[in-house]
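In this text the structure is predicted, and so the values were computed from the model without any measurement.
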Amino acid sequence: SKMAILDAFSKAIDRKVLADFVPDADSSSVRDRLFDVLMQRFDALDPHKEAVRRLLGAACRDPLVGLCAGSSLLRSMGLMLEAAGVPSDGIRGAIRAKGLAAIYGATLRDWLKDDTTDKSRTMAALDGRLRRAEGWANSLKSMPFGRRTSQGEAA
């Protein structure tokens, strides 16, 4: 079926990325590691650019293809998080995977339009989105969610 082919394609790309990805030992930045693994994914997709363009169009026209693609994408983004050393389990992991999927999906559109040989437009778009997400994540860490004062009131 179309869904089985789409899922097999996604898993093949995941295997290629995970087999080829070597995290930069000098990089302690989560953003840098995510950037590297997602660019590795775009490199793996390069030979299939026209097929990806058609699949994206089909996912927009056919809700069933979109649903299957969304499920595969979330699984893939969980694997990309883990490859970058970011936990993808539990509720926080699911939120991270969805956030990374949104970043990846938006950047995928840029990649499809990028006609540079070095993917400089794709890299710039991905870096900008990851920087914004990093800023949001850092601001959320500083918010006093659920902290209580000694009197039991929410801080």
Side-chain angles (χ1 to χ4, degrees), residues 3-49 51-53 55-56 59-60 63 65-114 116-148 154-155:
M3 301 313 125
I5 292 169
L6 179 60
D7 194 51
F9 176 71
S10 178
K11 286 178 179 176
I13 295 298
D14 291 341
R15 283 191 299 274
K16 176 149 182 54
V17 171
L18 296 174
D20 295 346
F21 181 66
V22 179
D24 184 357
D26 295 333
S27 176
S28 61
S29 163
V30 170
R31 181 179 44 81
D32 288 345
R33 292 191 310 267
L34 288 171
F35 176 88
D36 290 342
V37 76
L38 290 179
M39 286 309 301
Q40 182 76 39
R41 189 169 186 82
F42 288 121
D43 289 344
L45 286 171
D46 270 343
H48 313 286
K49 199 168 197 173
V52 171
R53 186 183 323 276
L55 285 170
L56 191 59
C60 291
V65 173
L67 184 62
C68 182
S71 174
S72 293
L73 178 62
L74 288 177
R75 182 196 63 237
S76 294
M77 292 302 103
L79 292 171
M80 300 304 105
L81 285 165
E82 292 289 340
V86 179
S88 67
D89 58 332
I91 292 173
R92 287 183 180 185
I95 292 168
R96 288 180 185 124
K98 287 179 181 183
L100 191 60
I103 290 168
Y104 176 76
T107 307
L108 184 68
R109 290 184 198 98
D110 296 312
W111 171 75
L112 287 170
K113 293 184 244 174
D114 191 348
T116 63
T117 56
D118 63 354
K119 292 190 215 52
S120 58
R121 292 183 186 139
T122 302
M123 288 191 289
L126 178 58
D127 186 56
R129 288 184 179 102
L130 287 171
R131 281 184 191 280
R132 282 191 299 280
E134 182 181 46
W136 294 334
N138 288 336
S139 67
L140 286 175
K141 285 179 189 176
S142 66
M143 291 184 147
F145 294 113
R147 286 189 332 180
R148 303 275 174 187

Practice prompt. Kindly write out the residues that satisfy ring-ring contact (aromatic ring centres under 6.0 Å, His included) with Phe9, not counting sequence neighbours, or none if the list is empty.
Written response: His48
Worksheet item: Who passes side chain to side chain contact (heavy atoms under 4.5 Å, CB included) against Leu73, sequence neighbours left out?
Response: Met77, Ala101, Tyr104
Practice prompt. Kindly compute the distance separating CG (Leu81) from CZ (Arg92), expressed to the nearest 0.5 Å.
Written response: 14.0 Å
Fill in: Ser88: partners by side-chain hydrogen bond (donor to acceptor under 3.5 Å, both in side chains), with sequence neighbours left out
Glu82
Item to complete: Just jot down the side-chain hydrogen bond (donor to acceptor under 3.5 Å, both in side chains) partners of Lys98, sequence neighbours excluded, or say none.
Response: none
Worksheet item: In Å and rounded to the nearest 0.5 Å, what is the CG to CG distance from Leu55 to Leu6?
Response: 5.5 Å
Worksheet item: Passes side chain to side chain contact (heavy atoms under 4.5 Å, CB included), Leu100 versus Leu34? Steps please.
Response: CA-CA 9 Å; Leu100 191 60; Leu34 288 171; 4.0 Å; yes
Discussion item. Tell me which pairs pass salt bridge (charged side-chain N to carboxylate O under 4.0 Å, His left out) where either residue lies in residues 118-134, with sequence neighbours left out.
Written reply: Arg31-Asp127, Arg31-Glu134, Asp43-Lys119, Asp46-Lys119, Asp110-Arg129, Asp115-Arg121, Asp127-Arg131
Worksheet item: Which residues pass the side chain to side chain contact (heavy atoms under 4.5 Å, CB included) test with Lys11, sequence neighbours left out?
Response: Asp7, Arg15, Arg75
Discussion item. Please determine whether side chain to side chain contact (heavy atoms under 4.5 Å, CB included) holds for the pair Asp14 and Met80, giving the CA-CA distance in whole Å, both sets of side-chain angles, and the decisive distance to 0.1 Å.
Written reply: CA-CA 8 Å; Asp14 291 341; Met80 300 304 105; 4.0 Å; yes
Item to complete: Rounded to the nearest 0.5 Å, what's the gap from CG on Asp36 to CZ on Arg41? Could you check?
Response: 15.0 Å
Discussion item. Please report the interatomic distance CE(Met39) to CG(Leu126), rounded to the nearest 0.5 Å.
Written reply: 6.5 Å
Worksheet item: Looking only at heavy atoms, which two atoms of Asp114 and Ser120 are closest? And how far apart?
Response: OD2-N, 3.8 Å
Worksheet item: What pairs of residues pass the ring pair (Phe, Tyr, Trp, His ring centres under 6.0 Å) test when at least one of them lies in residues 68-92, not counting sequence neighbours?
Response: none
Response to the item:
In this structure, OG of Ser72 is separated from CD1 of Ile13 (nearest 0.5 Å) by 12.0 Å
Fill in: Pairwise distance CG(Leu45) to CD(Gln40) - rounded to 0.5 angstrom
10.5 Å
Response to the item:
side chain to side chain contact (heavy atoms under 4.5 Å, CB included) filter on Pro87, not counting sequence neighbours, yields Asp89, Arg96
Worksheet item: Side-chain contact, heavy-atom cut-off 4.5 Å: Phe21 with Leu18?
Response: no
Practice prompt. For residues Gly78 and Ala97, report the shortest heavy-atom separation together with the two atoms involved.
Written response: N-CB, 4.2 Å
Discussion item. If the condition is side chain to side chain contact (heavy atoms under 4.5 Å, CB included), which residues does Leu112 pass it with, not counting sequence neighbours?
Written reply: Lys49, Val52, Arg53, Leu56
